[in-house]
Amino acid sequence: NTTLSASHLGKFLNASSASAITITVTNSSDIPVGSEVEIYHHGAGAVYVQSDASTSISFDGKSTASRKLTIPRYGAIGMKKVTAATWKVSGEAEG
């Protein structure tokens, strides 16, 4: 499990664990608006992307705080921080 931080920006994260992984997104001021991250689910364990209560994930026409998305195995998503407290997600996810 991890929380996105400035060290993840511009990276391609390969989630390849046999156990479930949760990647949490926040409205951290260390991550500027316009920042991007890509996540690829390669391992056998489930991969979740979840926002905290003060941050929204915008995906599939809905923007919701405390949202949890599931990335299917071999699926990939792109994430972009579009406001101080909103991340736009595109790609293969459910939720």
Side-chain angles (χ1 to χ4, degrees):
N1 296 332
T2 192
T3 298
L4 284 184
S5 67
S7 67
H8 297 113
L9 301 181
K11 302 273 174 82
F12 183 83
L13 305 179
N14 185 8
S16 61
S17 175
S19 302
I21 298 170
T22 299
I23 300 167
T24 304
V25 296
T26 69
N27 65 358
S28 171
S29 60
D30 292 340
I31 301 175
V33 172
S35 297
E36 296 180 345
V37 175
E38 291 180 279
I39 303 169
Y40 173 61
H41 178 190
H42 183 71
V47 176
Y48 306 103
V49 175
Q50 182 169 341
S51 57
D52 64 15
S54 63
T55 307
S56 292
I57 289 178
S58 177
F59 177 73
D60 199 23
K62 302 173 203 146
S63 185
T64 312
S66 300
R67 188 165 188 185
K68 186 174 191 175
L69 300 177
T70 303
I71 303 172
R73 190 166 189 192
Y74 307 118
I77 64 168
M79 299 178 57
K80 184 169 190 157
K81 189 172 183 183
V82 294
T83 72
T86 304
W87 286 83
K88 174 71 175 161
V89 175
S90 60
E92 302 160 285
E94 301 166 355

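Just so it is clear, the model here is predicted, and its values are computed rather than measured. In this chain, numbering begins with 1 at the start of the sequence shown.
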Heavy-atom closest pair, residues Ser7 and Ser5: OG-OG, 2.9 Å
If every non-hydrogen atom of Ala85 is compared with every non-hydrogen atom of Ser54, which pair is closest and at what distance? CB-O, 3.6 Å
Value for OG (Ser35) from NZ (Lys11), rounded to nearest 0.5 Å, stands at 12.5 Å
For Ala76, does its backbone N or O pair with a side-chain atom of Glu92 as donor and acceptor, under 3.5 Å? yes
Please check this pair: side chain of His41 against backbone of Gly43, looking for a donor-acceptor N/O pair closer than 3.5 Å. yes
Got more than 12 heavy atoms from elsewhere within 6.0 Å of NZ, Lys88? yes
Which hydrophobic side chains are connected to Trp87, either touching it within the sub-4.5 Å cutoff or through other members that do? Leu4, Leu9, Leu13, Ile21, Ile23, Val25, Ile31, Val37, Ile39, Val47, Val49, Ile57, Phe59, Leu69, Ile71, Ile77, Met79, Val89
Side-chain donor-acceptor contact under 3.5 Å, Ser28 with Thr26: no
Using the side chain to side chain donor-acceptor pair (under 3.5 Å) rule, collect all pairs that involve residues 55-76, keeping only residues at least two apart or in two chains. Asp52-Thr55
